[in-house]
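Worksheet for the structure shown next.
Numbered from 1 within each chain, the chains take letters A, B, ... in sequence-line order. What you see is a predicted model; the values in this text were computed from it and never measured.
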There are 2 protein chains.
Amino acid sequence: MSLSPELSARLKWNADGLIAAVVVDHATSDVLMMAWMNDDALDSTLTTRRGTYWSRSRQELWVKGETSGHVQHVREVRVDCDGDTVLVRVDQTGPACHTGTHTCFDTGERLLLADESA
Amino acid sequence: MSLSPELSARLKWNADGLIAAVVVDHATSDVLMMAWMNDDALDSTLTTRRGTYWSRSRQELWVKGETSGHVQHVREVRVDCDGDTVLVRVDQTGPACHTGTHTCFDTGERLLLADESA
């Protein structure tokens with residue numbers, strides 16, 4: 001699989017051939033996670049509607065939830081103004097974070113600055 | 001300015017000394033933009049509550065809205081499970097995108113995959 005040359009040319013791949021992917025819960029608009037996509041990961045995400053990323057640590061294509069069952073059905077994909085980030089809206093099955101939390105930003109110790117009016 | 005050694009050690013800076021910053025509209029939960037922070041940018045964001053980033057193109061600290069007036073008052077900052085991304089919730093004055101749109105993901109040509117149920 002690979003992206004159309006037209007789409008690939010619109011995107012600004014980094015030195016490793018990746019773009020950033022911000023993943024949002026379609027129902028709640030919570031930001032679930034940040035991940036990376038190469039050409040194949042984006043193509044697979046667009047054609048299968050399964051959230052698919054590039055694992056920088058394992059250096060392999062990674063279909064989210066393939067082992068955990070915590071899959072993502074992709075509702076919408078948008079690219080930003082300068083073409084180096086995609087915004088992926090998904091229906092998330094189970095927790096998005098590998099630590100078991102709903103998002104990768106949950107839990108108290110992940111709070112660096114609290115809302116002053118809360 | 002610089003971050004406390006304890007906080008800096010919790011974060012996973014990339015080879016350029018940066019972490020990703022996903023910026024969200026506090027009122028609407030819209031993802032406004034993706035940007036990058038170095039140590040000073042994060043420290044400044046946490047201490048001044050003004051959204052402050054590292055411009056990779058200009059290679060300088062960038063207080064969002066300093067010239068345009070489209071400033072960000074920072075409500076909350078969270079870090080993700082593996083410490084390489086922060087989630088910044090802001091009150092955005094004016095459009096967040098330098099093209100004049102509310103977010104960097106707006107406008108039709110930025111839509112790569114549409115919601116099938118829409």
- [ ] Quick one: pull up CG in A:Asp115 and CZ in B:Arg75 and give me the separation to the nearest 0.5 Å.
- [x] 4.0 Å
- [ ] Answer whether the closest heavy-atom distance between the side chains of B:Arg56 and A:Asp84 falls below 4.5 Å.
- [x] yes
Task: Heavy atoms from other residues, nucleotides or ligands near CZ of B:Arg50 exceed 12 (cutoff 6.0 Å) - done: no
Open item on the list: Contact between A:His73 and B:Glu116 at the side-chain level, heavy atoms closer than 4.5 Å - yes or no?
Closed with: yes
Open item on the list: Which atoms of A:Asp106 are under 4.5 Å from chain B, going by heavy atoms: the side chain, the backbone, both sets, or neither?
Closed with: backbone
- [ ] Find out whether A:Arg78 and B:Leu112 are in side-chain contact, i.e. whether some heavy atom of one side chain is under 4.5 Å from a heavy atom of the other.
- [x] no
Task: Greatest number of heavy atom pairs closer than 4.5 Å to chain A - which of B:Val79, B:Val86, B:Asp30 - done: B:Val79
- [ ] Give, as side chain, backbone, both or neither, the part of B:Arg49 having an atom under 4.5 angstrom from any heavy atom of chain A.
- [x] side chain
- [ ] Verify the cluster assignment for B:Leu18 and B:Val63: are they in a single hydrophobic cluster under the rule of side-chain heavy atoms below 4.5 Å apart?
- [x] no
Open item on the list: Quick check for you: to the nearest 0.5 Å, what is the distance between B:Thr103 atom OG1 and A:Leu87 atom CG?
Closed with: 7.5 Å
TODO: Among the options B:Val74, B:Val77, B:Thr28, B:Val22, pick out the one with the most heavy-atom pairs lying under 4.5 Å from chain A.
DONE: B:Val77
- [ ] Counting only heavy atoms closer than 4.5 Å, note whether A:Thr99 contacts chain B via side chain, backbone, both or neither.
- [x] side chain
Open item on the list: Quick check on B:Ala114 against chain A: is it the side chain, the backbone, both or neither that has a heavy atom closer than 4.5 Å?
Closed with: backbone
Open item on the list: Report which part of A:Val88 has an atom under 4.5 Å of a heavy atom belonging to chain B: side chain, backbone, both, or neither.
Closed with: neither
Task: Any A:Glu76 side-chain heavy atom under 4.5 Å of B:Leu111 side chain - done: yes
Open item on the list: Please determine whether residues B:Val71 and B:Tyr53 belong to a single hydrophobic cluster, defined as Ile, Leu, Val, Met, Phe, Trp and Tyr linked transitively by side-chain heavy-atom distances below 4.5 Å.
Closed with: no
Open item on the list: I want to check something: taking the side chain as every heavy atom from C-beta on, are A:Phe105 and B:Thr85 in contact at a cut-off of under 4.5 Å?
Closed with: yes
TODO: Answer with side chain, backbone, both or neither: which region of B:Thr107 has an atom nearer than 4.5 Å to a non-hydrogen atom of chain A?
DONE: backbone
Open item on the list: Counting only non-hydrogen atoms closer than 4.5 Å, does B:Val24 touch chain A with its backbone (N, CA, C, O), its side chain (CB onward), both, or neither?
Closed with: side chain
TODO: Kindly compute the distance separating CG (A:Asp80) from CE (B:Met34), expressed to the nearest 0.5 Å.
DONE: 7.5 Å
TODO: Enter the distance from B:Glu109:CD to A:Cys81:SG here, rounded to the nearest 0.5 Å.
DONE: 10.5 Å
